[in-house]
Each structure stands twice: as structure tokens, then as C-alpha cells.
Amino acid sequence: MSVQSVERALDVLEALAGQGGAAGLSEIAARTGLPYGTIHRLLQTLLARGYVRQETDRRYALGGALLRIGGAAERMVAAWAEPYLAKMVELSGETANMAVLEGDFVVYVAQVPSPRRLRMFAEVGRRVLPHSTAVGKVLLADRPDAAAVLVRTGLPRRTDRTIVETDELLAEIGRVRERGYALDLGEEESGVHCLAVPVYSGGRVLAAMSVSGPAERIDAHDREELAASLRAVADDFGASVFGG
């Protein structure tokens with residue numbers, strides 16, 4: 001049996017997260033469908049406990065108390081992900097990573113390296129902008145405010161293959177939604193290619209899993225077959241850990 005006040009408080013926190021971590025009352029109301037008075041009362045409790053803070057412009061933002069919970073949860077999820085990432089390494093022969101979107105940044109939270117001598121590394125804990133990575137494109141594809149995220153972050157050029165035009169990147173994100181996977185073809189690091197797939201929780205994308213390696217080795221795979229194999233592993237992970 002659910003407790004309505006708890007569900008509504010979680011709705012508010014999820015609304016803030018969905019707005020990039022900060023939002024005004026009207027934005028929270030639009031995302032949750034809750035009355036202003038209810039939202040205000042919930043926010044006062046969340047403020048008192050440190051799970052929300054109020055900005056100088058009167059918008060509300062996710063608070064520091066969430067870090068205590070988030071850090072522990074992130075470590076647990078990373079440990080749970082490792083056998084699934086290891087399966088991706090087995091399927092591809094390349095390094096496998098898992099990443100999440102924290103605010104406007106992609107953060108790598110787990111990795112299983114390739115057994116090959118020449119292999120790719122993305123340091124766990126590394127923060128990157130989403131536009132030039134396959135994991136970032138997967139995570140942006142689930143965000144209704146993807147365009148706003150790109151306005152905030154900009155699209156700095158990482159290599160000569162980085163997509164730096166917003167309209168072009170939004171079109172690519174649309175293709176990611178359609179085909180169910182994303183590519184980084186040397187856009188973050190020259191000579192390195194990556195294929196990423198979503199991890200679902202309750203119909204939403206919670207994380208992205210990927211394999212990355214030297215361009216010639218990644219390109220030697222049948223792209224659709226590799227994507228389908230990786231999606232099956234990511235779906236198993238999502239279903240077993242988050243309920244799909």
C-alpha cells in the first residue's frame with residue numbers, strides 16, 4: 001500500500017531532477033500535476049531536511065542531503081552493474097562503461113576493462129559534457145529538455161568530428177530514440193569509437209551502458225547486431241536491478 005505524501009514528495013524530487021536539478025513552482029506543478037499548495041508544503045519539509053534548497057531567484061534545487069543517499073546508492077549500483085558490463089566485454093572484446101546524467105554532466109560510475117593490451121579507459125567518476133559521447137546522447141534522448149541542456153552546456157569542439165551545431169545534434173538524438181542506441185565516432189577522442197544503449201527503470205532511462213575501443217575494432221562489428229546484443233544485456237540489468 002502506497003503512502004500518498006511519500007509518493008508526492010518523490011514526484012517533486014523527480015520533477016526537480018527532470019528539470020536539470022532546479023525549477024520554479026510552476027515548472028514543478030506542470031511536471032507533477034500537483035496543486036501549488038501541496039507542492040509548497042512538501043517543499044517546506046524537504047527544505048527542512050536538506051533534500052531541497054532555495055536559490056536566490058526563488059527557484060528550488062536539489063539539496064546536499066541527497067548526496068549521502070546518492071553516493072551510497074551509486075556505489076551499490078556500480079557493483080551490481082559489473083557482471084553485466086563484463087558480459088558486454090565478452091560480447092565485444094572492448095571496454096564497457098556505465099554512466100548517468102548528474103545535472104547537465106555525464107558521470108562514469110562503473111567500468112570493466114577490455115582484456116586486450118590496447119584498450120580504452122574512462123576513469124570512474126569522470127565528468128564530461130553529454131554532446132560528444134554516445135552515453136551522453138542516450139541520456140539526452142530521454143530528456144524532454146535536451147535542447148535546454150545543450151543551451152546551458154554549449155557544444156564545445158572536442159575533435160574535428162564533434163557535432164557543434166544544436167540542430168544537428170538534436171536531429172542525431174532523434175535518431176538515437178528511433179534506433180535504440182547511440183554512436184560516438186571519434187567525437188570525444190580521435191580514433192576512438194563507442195556504441196551505447198539505454199538502461200531502463202519504470203519506462204525511463206536511468207543510465208547508459210557502452211563499449212568503446214579503437215575505431216577499426218569497433219567498426220569491424222556488425223553495428224546492428226552489436227547494438228541488439230548490448231541492449232539485451234542492458235535490459236536484463238534494468239529488469240533485475242530496477243524492475244525494468
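Numbers here are sequence positions counted from 1.
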Next item on the list: With sequence neighbours excluded, tell me which residues meet salt bridge (Lys or Arg N to Asp or Glu O under 4.0 Å) with Glu187.
Entry: Lys137
Check: What residues join Val124 in its hydrophobic cluster, counting side-chain heavy atom gaps under 4.5 Å, either direct or through other members?
Finding: none
Notebook entry, point to check: Considering all heavy atoms of both residues, which atom of Ala196 and which atom of Val138 are nearest to each other, and what is their separation?
Noted result: O-CG2, 3.6 Å
Check: Between Val233 and Leu85, is any pair of side-chain heavy atoms under 4.5 Å apart?
Finding: no
Checklist line | Value rounded to 0.5 Å, distance of CD1 in Ile173 from CD in Glu178 | finding: 12.5 Å
Check: Taking Pro198 as the fixed residue, which of Asp235, Asp142, Val205 is the one that meets the side-chain contact (heavy atoms from CB on, under 4.5 Å) rule?
Finding: Val205
Check: Listed by chain and number, what are the salt bridge (Lys or Arg N to Asp or Glu O under 4.0 Å) partners of Arg53, not counting sequence neighbours?
Finding: Glu55
Next item on the list: State the CG-CG distance between Leu185 and Asp219, to the nearest 0.5 angstrom.
Entry: 7.0 Å
Next item on the list: Mind running side-chain hydrogen bond (donor to acceptor under 3.5 Å, both in side chains) on Ser240 and Tyr84 for me, showing each step along the way?
Entry: CA-CA 11 Å; Ser240 64; Tyr84 297 90; 2.8 Å; yes
Margin query: Could you measure the distance from the CD1 atom of Ile39 to the OG1 atom of Thr32? Nearest 0.5 Å is fine.
Written below: 4.0 Å
Check: Hey, are His193 and Asp184 close enough side-chain-wise for a donor-acceptor pair under 3.5 Å?
Finding: no
Check: Do Glu94 and Arg217 sit within salt-bridge range, that is, some charged N less than 4.0 Å from a carboxylate O?
Finding: yes
Margin query: Using the side-chain contact (heavy atoms from CB on, under 4.5 Å) criterion, which residues pair with Arg179? Sequence neighbours excluded.
Written below: Glu172, Arg175, Val176, Tyr181, Leu183
Check: Going by the salt bridge (Lys or Arg N to Asp or Glu O under 4.0 Å) test, which pairs reach into residues 10-34, not counting sequence neighbours?
Finding: Glu27-Arg59
Margin query: I'd like to know whether CZ of Arg177 has more than 12 heavy-atom contacts from other residues, nucleotides or ligands below 6.0 angstrom.
Written below: yes
Check: Under the 4.5 Å side-chain heavy-atom rule for ILVMFWY, direct or indirect, which residues accompany Val151?
Finding: none
Next item on the list: Quickly, which of Val106, Val164, Leu155 forms a side-chain contact (heavy atoms from CB on, under 4.5 Å) with His131? Name it, please.
Entry: Leu155
Note to self: Quick check: do Val149 and Leu140 have side-chain heavy atoms less than 4.5 Å from each other?
What the structure shows: yes
